[in-house]
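For the numbers below, each heavy atom of this structure counts, side chains included, while hydrogens, waters and symmetry mates do not. It should be emphasised that the depicted structure is a prediction, and the values quoted were computed from it without experimental measurement.
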Amino acid sequence: MRQDWLKAICTEIVTRKNELGEDYLHKTLYFGGGTPSMLNAKEWRQIIETLEDNYHISNSAERTLEANPEDITLENCNLWLELGFNRLSIGVQSLNDKALRSSNRRHSAAEALTAIET
């Protein structure tokens, strides 16, 4: 099922490549919603390569990734940097453990702070 989703995303990227005109220079890439930080290295590489093969993306483009604190590891940060991400939006909803539990967040305040430090 996950491979079907990935194939659909890449197909959508290719299908829509000329909607803004083939000379359009993209200055921003933003991956958010649905916890994109859960993707593994192979999945990220497939998406980024498909984008770079089909769109003119500025070398100085802002590349943002939304990530939940529990997905932020040194390994993931290094991968995201390698893929060109230069901005991270961390989903810290609160630094109050009681509030985090009541909103069904998977991380604690301490884990959120560790993610920010990482």
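Nearest heavy-atom pair across Asn68 and Ser37 is N-OG, 3.4 Å. Nearest heavy atoms, Arg2 versus Leu39: NH2-CA, 3.6 Å. Gly91 and Arg105 make their closest contact through O-NH2, 3.0 Å (heavy atoms, listed as atom of the first residue, atom of the second, distance). Residues Ala41 and Leu79 approach most closely at CA-CD2, 3.6 Å, considering heavy atoms. Residues Ala112 and Pro69 share a closest heavy-atom pair of CA-CB, 3.9 Å. Nearest approach of Lys42 to Gln3, heavy atoms of both residues: NZ-NE2, 4.4 Å.
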Worksheet item: How far apart are the C-alpha atoms of Leu6 and Ile47, what are their side-chain angles, what is the distance that settles it, and do they pass the side chain to side chain contact (heavy atoms under 4.5 Å, CB included) test?
Response: CA-CA 8 Å; Leu6 187 60; Ile47 291 170; 3.5 Å; yes

Item to complete: Under the side chain to side chain contact (heavy atoms under 4.5 Å, CB included) rule, what do Ile13 and Tyr55 come out as? Steps first, then yes or no, please.
Response: CA-CA 9 Å; Ile13 289 169; Tyr55 293 83; 3.4 Å; yes

Item to complete: Show your reasoning for whether side chain to side chain contact (heavy atoms under 4.5 Å, CB included) applies to Tyr24 and Glu19.
Response: CA-CA 9 Å; Tyr24 185 83; Glu19 287 185 9; over 6 Å; no

Practice prompt. Starting from the C-alpha separation in whole Å, work towards a yes-or-no answer on salt bridge (charged side-chain N to carboxylate O under 4.0 Å, His left out) for Arg45 and Glu82.
Written response: CA-CA 10 Å; Arg45 284 190 180 92; Glu82 175 191 324; 2.7 Å; yes

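Checked by atom type and distance alone, the side chain of Glu43 pairs as donor or acceptor with a backbone atom of Asn40 at under 3.5 Å. Here the side chain of Asn86 pairs a donor or acceptor atom with the backbone of Ala61 at under 3.5 angstrom. Put simply, the side chain of Asn76 never gets that close to the backbone of Ile72: no donor and acceptor are under 3.5 Å apart.
In this structure, CZ in Arg63 is found 11.5 Å from NE2 in His26, a value given to the nearest 0.5 Å. Note that OG1 of Thr35 is 8.5 Å distant from CD of Glu66, once rounded to the nearest 0.5 Å. Once rounded to the nearest 0.5 Å, the distance linking NZ of Lys17 with NE2 of His56 reads 9.5 Å. Note that the CG atom of Asp71 and the CG atom of Leu88 stand 10.0 Å from one another [nearest 0.5 Å]. Between the CG atom in Leu65 and the SG atom in Cys77 there is a gap of 9.5 Å [rounded to 0.5 Å]. Atoms CG and CD, from Leu100 and Gln93 in turn, are 8.0 Å apart once rounded to the nearest 0.5 Å.
Aromatic ring centres of Trp80 and Phe31: separated by at least 6.0 Å.
Considering only heavy atoms from C-beta on, Thr73 stays 4.5 Å or farther from Thr118 through its side chain.
Residues Ile90 and Leu95 fall within the same hydrophobic cluster, defined by Ile, Leu, Val, Met, Phe, Trp and Tyr side chains chained together at heavy-atom separations under 4.5 Å. Under the 4.5 Å side-chain heavy-atom criterion for ILVMFWY residues, a single connected hydrophobic cluster contains both Leu51 and Trp5.
Annotation: Arg16, atom CZ; neighbour count of heavy atoms from other residues, nucleotides and ligands within 6.0 Å does not exceed 12.
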